[in-house]
Amino acid sequence: MSQNINSTIEQSDVLGKSEQKKIAIIVRCAPYGQSLAQEAMDAILAISLYCEHISVVFIGDGVFQLLANQKSQLIDNKSIEKQLQAFSLYDIEQVLICQQSLNQRNLTMEQLSVNENDVKVLDKTALNATIRAHDSLLTF
Amino acid sequence: MNLSVAIYAAPSSQTAYTAYQFVRSALQQGHSIYRVFFYADGAYQGTDLSCIPQGEWSLQDAWKNLSDEYQIDLVLCIAASLKRGMLNSEEAQRYDKKNHNVADHFDLSGLGQLADAAIMSDRMITFGE
């Protein structure tokens with residue numbers, strides 16, 4: 001079985017980044033409180049190395065990850081906010097945010113660390129349609 | 001259909017069991033499983049040191065049997081595993097640890113395997129915490 005894995009890795013190396021598939025990574029978890037948010041960041045950055053077309057979608061409590069002025073050092077955690085800023089370096093094609101999730105949490109764009117021009121805030125219907133245009137979904 | 005499954009749930013969680021049932025049902029219905037990727041707390045499913053009391057059902061044994069029967073690829077994320085004290089002999093040597101505890105049938109590999117699964121499969125199904 002380990003042989004299978006090695007051959008897949010080699011194959012990925014030969015093929016380089018996949019250009020055909022569109023992957024959406026849906027982030028639903030809050031930034032701190034469990035390690036999943038950090039592990040989601042690690043996965044997003046890793047997957048961006050293998051796939052050309054990546055969208056990251058923040059819905060539900062996932063929108064809390066976008067808050068500005070996170071002081072994660074006070075709880076001895078790595079800052080999710082800083083890692084989000086690296087998205088532009090990693091070729092993340094689009095960042096989508098659920099409007100209803102922001103509304104439900106009484107959040108406005110001004111409170112977020114992301115630049116309004118770099119993200120799309122969509123209502124549920126538009127978001128569903130956009131997500132449906134992807135080949136594969138990964139949820140955190 | 002060619003499916004892959006990502007599991008973040010610890011073996012103590014019902015979600016981990018549901019993931020197993022999903023994979024078993026999919027295989028029984030003739031679908032193929034490209035990869036099962038254990039991430040975050042899901043990595044604990046690969047420990048060789050859990051001792052399940054008699055009369056209780058072992059999720060790990062169930063995965064092993066499924067892997068024997070259908071030759072499915074059971075991959076533990078190496079970063080998630082190392083963080084949680086899940087090492088194979090190679091990693092134990094690399095990090096100068098006396099012991100290693102990854103069970104047979106489970107391989108340690110990188111997040112690239114998750115990306116590869118998302119790219120190569122028709123559907124990716126996530127079983128969260």
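Lettering follows sequence order; numbering is per chain, from 1.
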Given that the side chain runs from C-beta out, which part of A6(B) has a heavy atom under 4.5 Å from chain A: side chain, backbone, both or neither?
side chain
Side chain, backbone, both or neither: which part of S35(A) has an atom under 4.5 Å from a heavy atom of chain B?
side chain
Side chain, backbone, both or neither: which part of L138(A) has an atom under 4.5 Å from a heavy atom of chain B?
both
Who among S48(A), A46(A), A43(A) has the most heavy-atom pairs with chain B under 4.5 Å?
A43(A)
Is it the backbone or the side chain of Q34(A) that comes under 4.5 Å from a heavy atom of chain B, or both, or neither?
side chain
With a 4.5 angstrom heavy-atom cut-off, which part of S121(B) approaches chain A: side chain, backbone, both or neither?
backbone
Between D42(A), L36(A), D135(A), I23(A), the one whose heavy-atom pairs under 4.5 Å with chain B are most numerous:
L36(A)
L67(A)-F140(A) co-clustered via ILVMFWY side chain contacts under 4.5 Å
yes
If only atom types and distance count, is the side chain of S136(A) paired as donor or acceptor with the main-chain N or O of A118(B) below 3.5 Å?
yes
Report the distance from atom OH of Y50(A) to atom CD of Q113(B), rounding to the nearest 0.5 Å.
7.5 Å
Bottom line for Y39(B): the part with an atom under 4.5 Å from chain A's heavy atoms is side chain
At a heavy-atom separation under 4.5 Å, does A80(B) approach chain A through its side chain, its backbone, both, or neither?
both
Just so I understand: if I count every heavy-atom pair under 4.5 Å between each of E39(A), R28(A), K21(A) and chain B, which residue has the most?
E39(A)
